[in-house]
Structures are given as C-alpha cells and as structure tokens.
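All ligand and atom numbering here is 1-based and tracks the order in the structure.
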Amino acid sequence: MSTSPEVAAKQAGREFKRIVYSEEEIQDRVAEMAREITDAYEPGDEILVLGLLKGSFIFMADLVRSIHHPLQLDFLVASSYGNATESSGEVRLLYDPEASLEGRSVILVEDIIDSGTTLNRLIPLLEARGPKSLEVCALLHKRVATLDREVRWVGFDAPLEFLVGYGLDYSENYRHLPFIGSI
Ligand code: IMP
Ligand code: MG
C-alpha cells in the first residue's frame, strides 16, 4: 500500500493491510450523520453529547461541528475489568461526566461496537440518571454484538478486522490518522 510521506510519518514503519475508509468517505458520512441527528430533534432542542473516551474524540469533534442545535459536551471513560483480550463483562466508570443527565436529550458517542459489552453495561448506568432521552451514535458497528438496545445512528457496518485510525488505536498508536485502516 503506497502512502504519502505525511501519512507514512504517522505509521511508524508499519504497513496496513488496507485502507478500509478513506478520509473523504469518513468526512462525507460524518456530515450525513450530523444531518440525521439534526433532523431527529425539534428546532431549538438542546442536546448533551457524551463521548466515550478515548476512541470517540476525533469522530465527536467532527460530528458536533455539523450538528445544528444548541448543545453541550462531556466525556466519560469506561474500563472493563481484566485485560484487553479477555473481557470479564464488568465495566466501571473511570471518569464520570460532570454534567447532570436528568431531563436532558443525551447522545452517547462510541467509536466502534464490537462485543457490545461496554454499551450493554453503560446504558443502564446512564438511564438511571433520568435523561429525557438517551440515544447511541457509533461510527462503526461490527454487527456481531447482541445489544440490549439498538444503536440509533451508525456510520458504517465494519468488517471483522482490527481497525485503526480516526480515533481508533492499537496500543495507543494510530489515533491521529485521518483514515481508517486495518492491521
Ligand atoms: P465492545 O465492548 O467489545 O463493544 O468494545 C468496544 C471497544 O473496543 C471500542 O470502544 C474500542 O475501544 C475497542 N475496539 C473494538 N474493536 C476495535 C478495533 O477493530 N480497533 C480498535 N479498537 C477496537
Ligand atoms: Mg480502545
């Protein structure tokens, strides 16, 4: 796979198997999702956008800039107990949003849904805080998870490959790539 010197400098010598979503494809789809979200709420409705760190930070930054509603932002950090390869199914909040969810229209932003464990554990925690509505928006969905709740907005149905870039990492690397590739 040939890449520009700018991109090669970010890859630390690693060749990707392929580019799965180009920068342009991502930008087009994210703009479209922002339009769908804009249309889903009444004009003037305020939205609280909650980003699940770290993977969602670039997606969220692009998304919110094209949502035409008043909105507030916050983040949360969730972590599964145990190591990365073996999920115990437990999820705890390492950083809890400061914003109150009570009575608000909340959108939870995820980078990618794989097993769905994170989401299945997180939704009840957030629902317990009494939001007016709680929707999930994910850039990528591998469509292998059994989810207790459907995801309202999905950017792309992702292939069953390990994806990096545009926020997604492999050992904290590659988050700053403007495209998504598989390794
Ligand atoms: P889940 O709980 O199995 O749905 O895991 C979701 C989390 O796993 C995502 O938020 C990512 O941080 C990580 N993840 C899952 N698949 C990938 C991938 O292909 N590349 C990078 N991170 C991934
Ligand atoms: Mg991750």
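- The shell of residues lying under 4.0 angstrom from ligand 1, judged by heavy atoms, includes Asp169.
- Heavy atoms of Glu161 found under 4.0 angstrom from ligand 1 belong exclusively to the backbone.
- In the vicinity of Leu163, heavy-atom distances shorter than 4.0 Å reach the ligand 1 atoms 18 (C), 19 (O), 20 (N), 21 (C).
- Checked by distance only, ligand 1 and Val164 stay at 3.5 Å or farther apart across all their nitrogen or oxygen atoms.
- The closest donor-acceptor contact from the side chain of Lys17 to the backbone of Ile183 lies under 3.5 Å.
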| Worked check of side chain to side chain donor-acceptor pair (under 3.5 Å) between Asp62 and Tyr166 | CA-CA 10 Å; Asp62 284 341; Tyr166 199 68; 2.6 Å; yes
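- Using a 30° and 60° split on the angle between ring planes, Phe162 and Tyr170 fall in the perpendicular class, above 60°.
- By the 4.5 Å heavy-atom criterion applied to side chains, Leu76 and Leu122 are counted as neighbours.
- The closest approach between Lys142 and ligand 1 falls below 4.0 Å for a heavy atom of the residue.
- Nearest to atom 2 (O) of ligand 1 by heavy atom, out of Thr118, Val20, Asp111, is Thr118.
- Side-chain atoms of Arg175 do not come within 3.5 Å of backbone N or O of Leu168 as any donor-acceptor pair.
- Annotation for Glu24: atom CD does not count as buried by contact number, only 12 or fewer foreign heavy atoms lying within 6.0 Å.
- For ligand 1, the polar-atom distance check finds an N/O of Gly116 within less than 3.5 Å of one of the ligand's N/O atoms.
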